[in-house]
Structure formats: C-alpha cells, structure tokens
Amino acid sequence: MNTTQVQTGAAAGGVGRSIWVRRLWPWLVAVVIAMLLPLLVTSNHGLTMISHMGVMIIFALSYNMLLGNTGLLSFGHAVYFGLGGYMAMHMLRYIEATGFGMPLELLPVVGALGGLLFGLIFGAVSTRRAGVVFAMISLGIGEMVTASSLMFTGFFGGEAGLFGNREAPVSLFGIDYGPGRNVYYLVAVWALIAAVIMFLLRQTPLGWMANAVRDNPERAQFVGYSPQMVRFFQFVLAATFAGLAGGLFIVVDEIITDETVGMIQSGLVLLSAYIGGIGFFLGPVVGAVLVVFLESELSSITDAWLLYFGLLFVAVVMFAPQGLFGVAYQQVMSWRAGEWVRSFHARLYATSAMLVFVLALIAVIEKAYHVLRHWNPQEPMPLFFVTIDATSMVPWLVSFAVMAGALAVFFLHARPLLRRALDSGEGA
Amino acid sequence: MSQETALALKGLTKNFGRAEIIRGVDLDIKANERHVIIGPNGAGKSTLFNLISGRLEATSGTIQLFGREIDGLPPHRVNRMGLSRSFQVTNLFQNMTVMQNLRCALLWSKGHKYAFWKLVNSQQEVTERAEELMERLNLTAKQHVPASLLTYAEQRALEIGATIASGAKVLLLDEPTAGMSRTEADDMVELIREITTDCTLVMVEHDLGVVFNLADRISVLVYGEVIASDTPEAVRANAAVQEAYLGTEVH
Amino acid sequence: MLETITFSLLNGLLYGMLLFMLSSGLTLIFGMMGVLNFAHASFYMLGAYFAYTMGLYTGFWVALFLAPIAVGLIGAAVERFGLRQVHQYGHVPELLFTFGLAYVVEELVRLFWGNTPMNYRVPEALDFPLFSLFGTNYPAFRVFVLVVAVSMFVGLYLLLKRTRAGLIIQASLSRPDMVSALGHNVPQVFMWVFAFGTGLAALGGVVGGIQLVTEPGMAFMMGPIVFVVVVVGGLGSIQGALIASILIGVLQTFALSVDWSLANLGMVFGYAVPPESFFATIWYMDSTRIAPMLPYLLLVLMLIFRPRGLMGKRES
Ligand SMILES: Nc1ncnc2c1ncn2[C@@H]1O[C@H](COP(=O)(O)OP(=O)(O)OP(=O)(O)O)[C@@H](O)[C@H]1O
Ligand SMILES: [Mg+2]
C-alpha cells in the first residue's frame with residue numbers, strides 16, 4: 001500500500017546503520033533544498049510563492065492524515081486552517097496593541113491551538129461515522145462556519161478581513177521579519193518540524209490503528225479499538241496541524257479573510273493532496289508544491305489556468321488515482337525491476353504521443369480563450385513560439401488534426417506496442 | 001478445573017426480521033474449559049458468536065462474562081474485557097503484512113491504547129511477542145507479505161494468531177481448521193490446545209475427530225436451540241443428538 | 001404581519017420547489033448509483049445557459065424541452081466515458097471525479113458565456129401579473145414554476161410507481177445489488193439514470209435561471225444546498241426530497257424576511273440580555289444573517305441524529 005509501512009516492517013528485524021542512513025537522506029535533501037531555495041528565488045513574488053508552498057505542504061500533509069491515513073474524506077478541512085489563522089491574527093493584533101511579549105516564531109502555535117480547539121468541538125460531532133456521512137458532515141460544518149463569518153463580523157473582520165503587522169512582535173532570535181526571505185525561513189523551519197512530526201505520527205500506535213480502521217474498522221474493534229475514537233484523535237491532530245498552517249499563513253500574508261475557511265480553500269487542499277498522491281507520505285508535498293506553483297505562475301500566463309487545473313485533477317482521478325508521486329514511484333520501481341530496458345522505446349513513443357495530444361489540446365483551449373474572451377480576437381496571438389490569427393480556420397484545423405492523429409497513434413499503435421513490450425518481459 | 005463461570009448465556013434470542021435464528025439459548029461455560037459447539041450448517045453457531053462478541057445485538061436475553069453483563073456493549077469493549085474471537089470468513093487487515101497484523105492485535109492489550117507519542121517499532125514487548133507468534137504459526141518467512149497475498153491456510157493461521165495474540169481470557173474460535181489440510185489442521189489443534197491451558201475456549205468445529213479429541217464439554221446447537229450440553233461421552237451417547245445431528249451428518 | 005407571512009410562505013414554497021427540481025435528479029442518482037454527484041448543480045447551470053442560448057433562436061418553449069435533453073445527453077456521456085471508468089476505484093474517487101468536473105464545467109461556462117450574468121428573462125407569454133394579493137401583484141411566471149415543479153413531482157411519482165422502468169429503479173433504490181439480479185444491463189441502466197437525473201437538474205435550471213440568476217457562480221452557490229435536500233430528505237426518496245426542499249425553502253425565506261432575533265423572543269417573556277454581555281452578539285443577531293447557515297445546521301443535525309434522513313429507507 002505505501003512505502004513507509006513496508007519500511008517499518010523491515011526495520012523491525014535488525015536496525016542497522018544503513019537503514020538510518022537510508023531513512024534520513026530524504027530529509028537531509030529536503031533540508032538542503034529548503035535552505036538553498038531563496039538563492040534561486042529572490043523576487044518578492046517568488047519568495048511569497050515558496051512561503052505559500054511551505055504553508056500548503058503542512059496543510060496538505062495534515063489533510064492526508066485524514067484522507068490517506070484514516071480514509072476520511074473531508075470537504076471542510078479549511079475550517080481549521082482558517083480559524084487557526086484567525087486565532088493567530090487576533091493574537092498578532094493583540095501583541096500589536098498591547099506589546100504582549102509573545103515572539104513571532106511562536107505565533108503559529110496559537111494557530112495550532114485554535115485548530116486543536118475547533119478540531120475537538122467539530123471532531124466530536126463528525127467522526128462518529130466514516131464514509132459519505134462523514135464527508136457530508138464536514139461539508140455542512142464548512143458551510144456553517146463560512147456562513148457564520150457573516151454573523152460574527154467582529155471575529156472575521158467582515159468583507160475586508162483582518163490585517164496585522166508581523167514586525168510588531170519581538171523575535172526569539174532577534175531576526176527582522178520585514179524581508180520576505182526571513183519569513184520564508186521561518187515557514188521552512190516550521191514546515192520541516194511539522195513534516196517530521198506528521199511522519200512520525202504515522203508510526204505510532206494511533207497512526208497504525210488509523211490505517212487499520214481505514215481498511216477494516218470491524219476487525220479493529222475486535223482487537224480492542226474503537227474506530228470512532230481512532231478517527232476522533234486523528235481528526236483532532238489533523239485539525240491542529242491545519243491550524244498551524246493557518247497561523248503561518250497570516251505571518252506570510254499579514255491579512256486574513258473569510259475565504260480561508262471556505263469551500264474553495266477546502267477544495268484546494270483536497271486537490272493538492274489527491275493530485276500528489278494520498279497513498280504516500282510525500283504525495284501531498286508534491287501536490288502542494290505543484291498546486292501553489294500553478295496557482296501563482298499559471299494564473300499570470302493564461303486565463304485558462306483554472307480550467308487546466310480542473311482538467312489535471314479529473315485526469316489524475318481517472319487515469320492515475322495513485323497520484324503523480326505514485327506514478328513516479330511506479331516508474332522508479334519498474335525501472336529497478338529492469339522493465340525499462342526492454343520497453344524504453346515503447347514508453348518514449350507512447351509518452352510522446354500523449355504529450356503531442358496534450359500540447360494540441362492546450363493550443364485549442366488557448367485559441368478558444370483568445371477568440372471568445374479576448375477583447376479583440378483579431379489581434380495576433382502568440383502560441384508556442386509562433387504568432388497566429390486565432391480567427392482563421394487553419395490553426396484550428398491543424399490543432400484538431402494533430403489531436404486526432406496523436407490519439408489515433410496512441411490507442412492504435414503506441415499502447416498495444418507498450419503492452420506487448422511489458423508482457424514479453426513477464427513471459428521471459 | 002475451577003468452577004467459576006466464564007461465560008453465561010441466559011435466554012438468548014436473535015431474530016433477523018421475522019426469522020428466529022437463536023431461539024432461547026442458555027449456556028454456562030466454566031473458566032478454563034474447552035467448550036466445543038457443534039451443529040448442522042445454518043444452526044446459528046456463527047450468529048451465537050456474533051451475539052457474544054458484540055458484533056450483533058441480541059433480541060432478548062443476557063450475556064455475562066465473568067459475572068459482568070456484556071450484552072449491548074460494542075465489540076471493542078467486550079474485547080477489552082478479555083474476550084477475543086476469530087471469524088469463519090477471514091477478517092484481517094488485508095493491506096498490512098503478517099507482522100503488522102499481529103502487532104495491531106497486540107497494541108491494545110499491551111497498554112498502548114491511542115498513544116501518539118511513541119513509535120510502534122520501539123515497543124520491544126510487542127515486537128517480541130509478535131515474532132514468537134509468527135514462529136509458532138510458521139509464518140516467520142512470510143512476515144513482510146501483505147495478508148491479501150497469503151495462501152488460504154496461511155490467512156487462517158494468521159486469523160487465529162491475531163485472535164490469540166492479546167492473551168484473552170476467553171477465546172471464541174469459529175471453525176479454525178476449516179479449509180486446512182490434515183497436517184495443517186492437526187498443527188492448529190495442537191496450537192489451540194497449548195494456548196488454552198489457562199484460558200477458556202469456545203470453539204465451533206465440524207470435524208468430529210477434532211471435537212472429541214479437544215473438548216471438555218460439547219454443546220449441540222440445532223435450529224437455534226441447544227439440545228444437549230455435556231461431556232463428550234454423554235453427548236456421544238445422547239439419543240436426541242444422534243438423531244438430530246450425528247446420525248444424519250457424516251464427517 | 002399576515003402579508004409578510006403569506007408572501008414568505010409563497011416565496012418559500014417557490015424556492016423550495018426550485019430546490020426540488022434541482023435535487024430530485026440527484027436523489028435518484030445517489031440512491032441508485034451511490035454517487036454523490038458534486039457536479040449536479042453544474043448540470044442545473046448548463047440547463048439555464050443552454051435554455052438561454054437556445055431561447056434566442058427558438059424561443060423559450062422549445063428550449064424548455066430541448067435544453068434538458070441536451071444536458072441529459074451530456075450527462076450520459078459523462079457517465080459513459082468518465083464515471084464508469086472511475087467506478088472501479090470506489091465511491092471516493094467517483095465523488096472526486098464529479099468534484100473536478102464541477103470546476104471544469106464552471107470554467108467552460110466562463111469561457112463560452114463570460115463572467116457576467118446573462119440577461120435571461122421571463123418569456124413574454126408569462127410576463128404578466130396573475131393575481132394581486134394585499135395590493136401586490138403576483139407574477140404569472142412564479143406560478144408557472146410551481147406548475148412545472150408539481151408536474152415534475154407527479155410525473156416522477158407515477159413513473160416510479162406505475163411503470164416497469166420505475167419498478168426497476170425503485171427496486172434498486174432500496175437494494176442496489178438487485179438490479180443485476182433482475183437481469184438488466186447495470187451499466188446501461190446507470191447511464192440512463194444519470195442522464196435522466198442530470199436532465200431533471202437542467203429542467204430546474206431552465207426555470208431557475210430565470211427566477212434566480214444565470215451566472216457562472218450559480219452552480220457553486222446551489223451545489224451544497226442540493227446535498228442538504230438529498231440528505232435531509234433521505235436516500236432515494238422522492239417524497240422526502242420534496243418535503244425537505246419545501247422545508248428548507250420556507251425556513252430560509254422566513255428567516256430572511258421576518259428579520260427577527262432571539263431578542264424578539266425574549267421580549268415576549270419580558271427578558272433581555274444586557275447589550276454589553278458576551279452573549280449579546282448572538283442574542284441580537286437578526287435572522288437574516290442566520291439564514292444562510294440554517295440549511296447546513298439542519299444537514300449536520302440530521303446526519304448526527306438521523307442519518308437516513310426524513311424518509312430514507314436505509315442509511316447512506
Ligand atoms: N445478518 C443476517 N441477516 C439475515 N439472516 C442471517 C444473518 N446472518 C445469518 N443469518 C441466517 O442465520 C442462520 C444461521 O447462520 P449462521 O451463520 O449462524 O450458521 P452457522 O451455524 O454458523 O452455519 P455454518 O456451519 O454454515 O457456519 C442462517 O440461516 C443464515 O442465513
Ligand atoms: Mg458459521
């Protein structure tokens with residue numbers, strides 16, 4: 001099912017040095033990447049983006065404590081993110097107003113406590129059941145909290161939201177949190193701490209029983225565990241980490257609006273975790289990075305970015321339910337098994353066919369947006385290094401022909417070829 | 001053998017809709033007794049186990065475990081009071097390995113509860129006990145194999161292993177040897193005999209060889225009623241049993 | 001007072017009937033296929049947009065019939081080439097698929113029709129006041145909506161109770177495993193149920209788009225409410241959906257129009273919370289601000305205390 005489970009089993013036999021090295025290097029790589037990233041990304045926009053990635057990584061990992069580990073599909077996880085953020089924001093404003101001595105580094109903890117508090121309250125009513133009932137309750141709670149932002153404008157700050165100044169609190173280490181880079185490092189450190197804790201949580205008795213309850217709640221009962229309690233504890237922990245992410249979020253943005261508790265935010269974290277792959281610890285990390293990147297960069301390149309986003313998600317659900325990380329993992333496994341040697345050409349062929357199809361599809365979508373949404377469709381349109389007139393027939397015919405051709409090649413030739421290449425290996 | 005009552009059923013009934021499946025069962029099972037329940041297919045043996053273990057709620061009647069009422073309690077509460085059961089249809093954590101299945105079965109009884117501040121791997125006691133069990137079940141070689149990939153007999157062995165792991169005071173085993181080869185079954189019976197020297201066993205079994213070999217007492221369940229509950233010799237001699245069961249069913 | 005109550009009741013009934021049209025299809029789909037179709041309100045939106053655009057060429061009356069059929073066919077295609085593929089992975093991926101679909105449909109609508117609301121108007125033939133109450137004219141179109149909704153309910157009811165297809169659907173609403181036992185081609189049945197359900201949603205959109213609004217956010221706005229109706233009404237129960245729709249419609253309309261708060265209730269008993277106390281915010285909260293929350297409160301309470309809903313025969 002997932003990598004860590006296999007590892008835990010293996011480690012039980014003899015814990016050697018090499019196992020520790022093997023287990024630690026991904027973390028070391030993560031630390032190095034996180035520390036070096038600001039050398040590459042120096043613009044304010046970029047620093048904000050990578051800070052958001054850190055926040056989203058925590059948020060998506062906390063989401064996967066529910067969906068991946070416990071099998072609980074939540075449509076309202078942003079509630080804990082947003083409310084945690086609001087708690088932290090109120091604390092920040094309190095510090096600003098009174099000079100209270102809480103350092104900025106610990107502000108996310110206030111968010112975590114907020115998540116914990118609301119996790120306890122809403123978890124108690126929603127984890128009695130799993131499955132679709134749980135999903136619907138989470139949706140209902142999400143909508144209720146969203147609606148209550150209209151009722152309690154004092155707490156939520158109304159339409160405009162609430163502002164704060166992250167330079168008001170003191171710093172534990174005397175760091176100036178004016179520059180985005182320093183804020184990024186704060187996010188990175190918290191993200192690493194949170195990720196390590198969430199990783200370890202999977203290996204605790206609760207983490208194991210969460211998997212057990214996900215797979216077979218009945219059997220879990222017959223070894224002494226109440227599925228409801230297991231779900232409840234997991235839920236509360238997940239809400240706590242979501243609150244932590246929310247607390248960090250307000251440090252980065254210095255503003256929070258009621259959108260952070262809403263459906264869109266809840267949907268975003270679901271998309272992130274699922275696109276990355278819920279069966280793997282690193283899946284949500286990959287998903288979070290990708291989603292924030294697309295949200296931040298794609299949106300400035302094309303109007304169609306939300307459409308691409310939706311299509312990507314639908315494609316993952318349909319063709320790669322194991323997520324992008326899962327796909328990569330499978331490829332690495334099959335490469336190790338030596339399957340690549342005999343199927344390399346077939347793979348390359350099939351992938352190229354699919355890639356051509358996707359590029360042609362992008363061309364069609366971009367042209368459609370140009371023709372239908374641009375204020376002047378006649379204006380020449382840059383597309384893949386060429387400039388075309390989107391209102392003339394030719395580019396459209398070319399795109400559709402390429403799409404149809406690529407599909408035909410893929411289904412009629414490339415895929416059968418790939419299948420044969422893989423089968424021949426099994427026979428041998 | 002002590003005379004304390006481990007499990008006492010009084011006037012137990014269970015209806016599914018209008019079908020009366022358990023029709024007033026009274027049964028006293030003494031502590032440390034090996035009690036085997038026999039009866040034709042569909043007699044209600046598994047249903048009886050489901051009632052005792054809390055998987056189903058009784059329509060009427062009471063169940064006492066060491067003098068404490070357990071009817072109406074959820075399965076995990078019954079389990080924590082020292083009653084553990086296996087299933088006729090294998091019921092495991094299919095995605096988990098043999099080792100993981102056994103450890104999950106051990107966690108609660110070793111007092112780890114919902115702990116999220118310690119790692120499963122560093123619980124030596126759990127690991128050792130799990131390894132011991134695997135050794136005994138001949139599953140050591142397969143310890144990293146997911147349950148879903150085991151052979152049927154291995155799954156059955158693991159099912160029993162997960163049931164006995166916690167060292168419960170009362171064990172309910174539902175046809176533990178079904179589907180096993182002769183030697184596998186003999187080994188299983190030997191294991192069951194070993195582990196039940198100081199606990200109470202209630203077992204459903206069709207193989208009469210096993211039954212008379214293992215049982216201290218035998219109860220015969222026919223159409224949801226216990227028609228006899230006695231020592232093996234007395235049951236063998238019981239005319240009603242011979243007519244209702246032994247005479248008609250040949251195993 | 002009497003005036004407010006009468007109009008609130010009428011408008012609540014109207015809104016409820018719109019909700020019913022929107023959600024009855026989902027009740028069928030959910031009850032039978034177990035698919036909580038997140039994109040259901042998207043088909044409602046497509047219904048409104050299709051009817052608007054078709055109406056420009058054919059007039060409202062033709063569009064009233066054509067738009068639901070067109071949307072139903074799209075629904076069939078979605079089932080055939082999307083859902084069926086995902087079905088093998090289980091219910092959660094199915095739910096996620098429809099979730100993603102809702103995004104895609106909204107973006108496509110924005111692409112083709114733009115971000116601004118459509119000028120989708122009441123057809124001329126129905127653009128007159130039907131009667132007047134307390135000096136206020138009551139538009140004929142609203143009555144038309146009621147008539148469409150009621151005939152839809154009656155039609156569905158007869159279809160389910162009186163026809164062979166209906167009996168098959170009914171059988172599988174209570175026992176999904178039974179359909180295959182009846183020897184019918186299950187995937188085929190599912191596809192047509194999905195098409196039919198989405199078509200019903202589209203019909204709701206054809207009239208709802210006029211009555212409420214036709215804009216890209218309409219699906220997102222109505223989506224969660226549809227779930228409330230289906231869950232509160234009970235799995236697979238058309239009558240339950242009707243009752244739940246009206247209940248929610250009336251409840252929300254009343255909360256919006258009477259503008260009460262707990263303080264009003266307190267005054268009846270001669271009690272008031274001091275304005276500076278901690279509970280004052282809640283005590284003086286007027287019902288218009290509570291209104292959006294009510295359906296979801298109902299949903300959560302229902303799921304906690306009676307997960308099978310008002311009229312459901314089995315649990316979700
Ligand atoms: N959940 C249920 N709903 C309805 N009927 C049930 C249910 N569970 C069991 N039954 C019925 O109760 C009767 C007894 O079943 P049970 O499984 O207890 O028999 P058994 O004695 O264990 O038989 P076997 O030797 O085949 O295991 C059967 O007729 C069965 O069909
Ligand atoms: Mg049985």
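The figures that follow rest on heavy atoms only: side chains count, while hydrogens, waters and symmetry mates do not. So that the names make sense, note that chain A is the first sequence line, chain B the second, and so on, each numbered from 1. Computed from a prediction, not measured in an experiment: that's the story for all the values here.
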Worksheet item: Under a 4.5 Å heavy-atom cutoff, which of A/Leu312, A/Ile365, A/Leu270 has the most pairs with chain C?
Response: A/Leu270
Worksheet item: Which region of A/Tyr308, side chain (C-beta onward) or backbone (N, CA, C, O), has a non-hydrogen atom less than 4.5 Å from a non-hydrogen atom of chain C, or is it both or neither?
Response: neither
Practice prompt. Tell me, out of C/Arg110, C/Gln88, C/Glu106, who's got the most heavy-atom pairs with chain A below 4.5 Å.
Written response: C/Arg110
Fill in: Part of C/Tyr89 lying under 4.5 Å from any heavy atom of chain A
side chain
Worksheet item: Is atom CD of A/Glu297 surrounded by more than 12 heavy atoms (other residues, nucleotides or ligands) closer than 6.0 Å?
Response: yes
Worksheet, complete the sentence: One should read off an interatomic distance between A/Leu150 CG and C/Ile290 CD1, to the nearest 0.5 angstrom, of 11.5 Å
Fill in: Under 4.5 Å from a heavy atom of chain A, the part of C/Val86 involved
side chain
Discussion item. With a sphere of 6.0 Å drawn around NE2 of C/His87, does it hold more than 12 non-hydrogen atoms of other residues, nucleotides or ligands?
Written reply: no
Worksheet item: In terms of the angle between their ring planes, are A/Phe313 and C/Phe99 parallel, tilted or perpendicular, with boundaries placed at 30° and 60°?
Response: perpendicular
Practice prompt. Could you look at A/Tyr274 and say if it's the side chain, the backbone, both or neither that has a heavy atom under 4.5 Å from chain C?
Written response: side chain
Worksheet, complete the sentence: So, the part of C/Phe112 with a heavy atom under 4.5 Å from chain A: the answer is both
Discussion item. Using every non-hydrogen atom in the two residues, find where A/Met144 and C/Met293 come nearest and quote the distance to one decimal.
Written reply: O-CE, 3.3 Å
Worksheet item: To the nearest 0.5 Å, how far apart are CZ in A/Phe75 and CG in C/Leu36?
Response: 8.0 Å
Worksheet item: What's the shortest heavy-atom distance between A/Ile264 and C/Phe220, and which atoms?
Response: CG1-CZ, 3.8 Å
Item to complete: Work out which heavy atom in A/Met136 is nearest to a heavy atom in C/Val231; give both atom names and the distance.
Response: CG-CG2, 4.1 Å
Worksheet entry | Part of A/Leu73 lying under 4.5 Å from any heavy atom of chain C | side chain
Item to complete: Go through C/Leu298, C/Leu111, C/Leu297, C/Val300 and name the one with the most non-hydrogen pairs under 4.5 angstrom from chain A.
Response: C/Leu111
Worksheet entry | Side chain / backbone / both / neither for C/Leu96 at chain A, heavy atoms under 4.5 Å | both
Worksheet entry | Gap between atom CG of C/Leu108 and atom CG of A/Leu306 - 0.5 Å precision | 11.5 Å
Worksheet item: So what's closer than 4.5 Å to chain A heavy atoms on C/Tyr296: side chain, backbone, both or neither?
Response: both
Fill in: Shortest non-hydrogen contact between C/Phe81 and A/Met318, atoms and distance
O-CE, 3.2 Å
